[in-house]
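Keep in mind that this is a model prediction, so the values were computed, not measured.
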Amino acid sequence: MSELDVETELAKWDPQFTKRVADVLRPLVRRYFRTEVRGLENIPPAGGALLVSNHSGGQFAADVPILAVEFYEKFGYDRPIHTLSHDMLFVGPIGSVLLKTGFIRANPENAANALRSGHLVVVFPGGDYDAMRPTAQQNTIDFAERKGYVRTAIEAGVPIVPAVSIGGQENQLYLMRGTGLAKRLGPIARAARTKIVPLSFGLPFGLSLFGTFPPNLPLPTKIVTQVLEPIDIAAEFGEKPDIDEVDAHVREVMQSALDKLAGERRFPIVG
């Protein structure tokens, strides 16, 4: 992607359009998922910051709208949230809508430009692998050994702001990621650019591949998001930080916070 393409993509963010979308989504997510977003004051008020979160809810992951509607209500629309997203999401008309609300293609150039422009950038290092984790592992932080987010923060000179969310993985019963099945499918899986073929069980159709074949509806599970204190990488790890060490620390902090949220949760779905 050229520098001009990157600048053009970031410039697609439309604060007025984003506000209209947020105003529609806010009552929906609050009522359906009974959302709570805690710790927004931990997001640095100025300068770039990389918010790193677990990803939950399969193909119906609501992490971004839940965070965004509360962020914009608290801080206004002068500073955008840019969410690093898979290229496949930008195919067709939906792509222009996503760009206008701050979604950008997940590549180093986009991330660096957004961070150096003083924006908040959201990344889910685990991606679909994390969002499709089995229900038995729903409260486990697992990025599939992806550590590029650390390098992105170091190169941009910005803090990492960890965040964790609980409840989204209860919107269906997630049976397996299907990594073995994806390997057996070989060229078919590669053509679809996927390393997983997840199987879930939900309503109204029962068993579903990717949660969309057939498309089960997400259950109205209570979702709580906790934004944690920012991590100043240089201050904590020195001028030449070890990427593995930083990644391990970020995941440890997140796992501790997620365990605490899990300890507060009394019943599945109800919260």
**Message:** Test side-chain hydrogen bond (donor to acceptor under 3.5 Å, both in side chains) on Arg34 and Thr221; report intermediate values, then the result.
**Reply:** CA-CA 8 Å; Arg34 293 160 288 136; Thr221 177; 5.5 Å; no
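- Other residues, nucleotides and ligands place more than 12 heavy atoms under 6.0 Å from the CD atom of Gln137.
- Taken from CG in Asn54 to OG1 in Thr140, the straight-line distance is 10.0 Å, to the nearest 0.5 Å.
- When the options Leu40, Thr35, Val29 are evaluated for a side-chain contact (heavy atoms from CB on, under 4.5 Å) with Leu67, the one that passes is Leu40.
- In this structure, Ser256 contributes its side chain and Glu252 its backbone to no donor-acceptor pair below 3.5 Å.
- Nearest heavy-atom pair, Ile160 versus Ala153, reported as atom, atom and distance to 0.1 Å: CG1-CB, 3.7 Å.
- With sequence neighbours excluded, the residues satisfying salt bridge (Lys or Arg N to Asp or Glu O under 4.0 Å) with Lys147 are Asp244.
- Qualifying salt bridge (Lys or Arg N to Asp or Glu O under 4.0 Å) partners for Asp232, counting only residues two or more places apart in sequence or in other chains: none.
- Contact of the Val52 side chain with the Pro162 side chain is not registered, since no non-hydrogen atoms from C-beta on lie closer than 4.5 Å.
- Grouped with Leu228 in one hydrophobic cluster are Val253, the linkage being side-chain heavy-atom contacts under 4.5 Å among Ile, Leu, Val, Met, Phe, Trp and Tyr residues.
- Taking every heavy atom of both residues into account, Ser165 and Thr225 meet most closely at OG-OG1, 3.4 Å.
- Counting only residues at least two apart or on different chains, the ring pair (Phe, Tyr, Trp, His ring centres under 6.0 Å) pairs with a member in residues 125-167 are Phe143-Tyr149.
- In this structure, the side chain of Asn171 does not engage the main chain of Leu219 through any donor-acceptor pair within 3.5 Å.
- When the side chain to side chain donor-acceptor pair (under 3.5 Å) test is applied to Thr18, the partners found at least two apart in sequence or on another chain are Trp13.
- Heavy-atom minimum distance, Pro241 versus Val246: CB-CG2, 4.0 Å.
- Counting non-hydrogen atoms of other residues, nucleotides and ligands closer than 6.0 Å to CD of Glu239 gives a total of 12 or fewer.
- By the 4.0 Å N-to-carboxylate-O rule, Arg251 lies too far from Glu145 to be salt-bridged with it.
- Every residue was checked against the side chain to side chain donor-acceptor pair (under 3.5 Å) condition with Arg20, not counting sequence neighbours, and none meets it.
- Distance CD1/Ile269 to CZ/Phe33: 11.0 Å, rounded to 0.5 Å.
- The backbone N or O of Thr83 lies less than 3.5 Å from a partner atom in the side chain of Ser85, making a donor-acceptor pair.
- The two residues Val24 and Leu28 come nearest to each other via the heavy atoms O-CG, 3.5 Å.
- With rounding to the nearest 0.5 Å, the separation of CD in Glu236 from CD in Glu245 is 10.0 Å.
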**Asked** Please walk me through it: do Val122 and Leu84 pass side-chain contact (heavy atoms from CB on, under 4.5 Å)?
**Response** CA-CA 6 Å; Val122 176; Leu84 299 177; over 6 Å; no
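- Between Ile166 and Ile223 the shortest side-chain heavy-atom distance does not fall below 4.5 Å.
- No side-chain heavy atom of Leu51 sits under 4.5 Å from any side-chain heavy atom of Val121.
- Scored by the side chain to side chain donor-acceptor pair (under 3.5 Å) test, Arg30 finds Glu70, Glu73 as partners (sequence neighbours excluded).
- Judged by distance alone, with hydrogens and angles left aside, the side-chain atoms of Arg79 form a donor-acceptor pair with the main-chain N or O of Gly118 at under 3.5 Å.
- Panel note: side chain Asp130, backbone Phe124; no donor-acceptor pair is recorded below 3.5 Å.
- Distance alone, capped at 3.5 Å, is enough to place a donor-acceptor pair between the Glu9 side chain and the Arg105 backbone.
- Within the model, atoms CG of Asp247 and CZ of Arg151 stand 11.0 Å from one another, a figure rounded to the nearest 0.5 Å.
- Among residues two or more places apart in sequence or in another chain, the side chain to side chain donor-acceptor pair (under 3.5 Å) test is passed with Gln255 by Asp259.
- Considering every non-hydrogen atom in both Pro159 and Gly48, the closest pair reads CD-O, 3.5 Å.
- Leu199 places none of its side-chain heavy atoms less than 4.5 Å from the side chain of Tyr174.
- Here Asp63 pairs with nothing under the salt bridge (Lys or Arg N to Asp or Glu O under 4.0 Å) rule; sequence neighbours left out.
- Here CG of Leu89 is found 8.0 Å from CZ of Phe103. Values are rounded to the nearest 0.5 Å.
- Among pairs with a residue in residues 197-208, those fulfilling side-chain hydrogen bond (donor to acceptor under 3.5 Å, both in side chains) read Gln172-Ser200, at least two apart in sequence or across chains.
- Criterion: ILVMFWY side-chain heavy atoms under 4.5 Å apart, direct or through other members. Under it, Leu120 and Val150 are not part of a common hydrophobic cluster.
- Although no hydrogens or angles enter the test, the distance criterion places a donor-acceptor pair under 3.5 Å between the side chain of His82 and the main chain of Gly102.
- Between Leu50 and Val161 there is no side-chain heavy-atom pair separated by less than 4.5 Å.
- Two residues are said to be in side-chain contact when any heavy atoms from C-beta on lie closer than 4.5 Å; Ile154 and Ile243 meet this criterion.
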**Arg265 vs Glu170, side-chain contact (heavy atoms from CB on, under 4.5 Å): CA-CA, chis, key distance, verdict** = CA-CA 12 Å; Arg265 202 167 181 86; Glu170 297 171 7; 3.0 Å; yes
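- A donor-acceptor pair is defined here as one N or O able to donate and one able to accept, closer than 3.5 Å; such a pair exists between the side chain of Arg133 and the backbone of His55.
- In this structure, the ring pair (Phe, Tyr, Trp, His ring centres under 6.0 Å) partners of Tyr77, at least two apart in sequence or on a different chain, are Tyr72.
- Put simply, Ile94 and Phe90 are part of the same group of oily side chains (I, L, V, M, F, W, Y) that touch within less than 4.5 Å, one to the next.
- No continuous path of hydrophobic side-chain contacts links Leu261 to Val270 [ILVMFWY only; heavy atoms under 4.5 Å].
- A heavy-atom distance below 4.5 Å is not found between the side chains of Leu207 and Asn216.
- Under the 4.5 Å side-chain contact rule for hydrophobic residues, Phe205 and Leu173 do not share a cluster.
- For the atom pair Leu258 CG and Met254 CE, the distance stands at 8.0 Å (nearest 0.5 Å).
- Side-chain atoms of Asp14 do not come within 3.5 Å of backbone N or O of Lys100 as any donor-acceptor pair.
- Pairs of residues two or more places apart, or lying in two chains, that qualify as ring pair (Phe, Tyr, Trp, His ring centres under 6.0 Å) and include a residue from residues 247-268 are Phe237-His249.
- Shown here for Ile43 and Phe71, the closest heavy-atom pair between the two residues is CD1-CD1, 3.9 Å.
- Linking ILVMFWY side-chain heavy atoms closer than 4.5 Å, directly or via other members, places Val224 and Val37 in two distinct hydrophobic clusters.
- Of the possible polar contacts, none joining the Tyr32 side chain to the Lys222 backbone as a donor-acceptor pair under 3.5 Å is found.
- Contact check for Thr179 versus Lys195: no side-chain heavy atoms found under the 4.5 Å cut-off.
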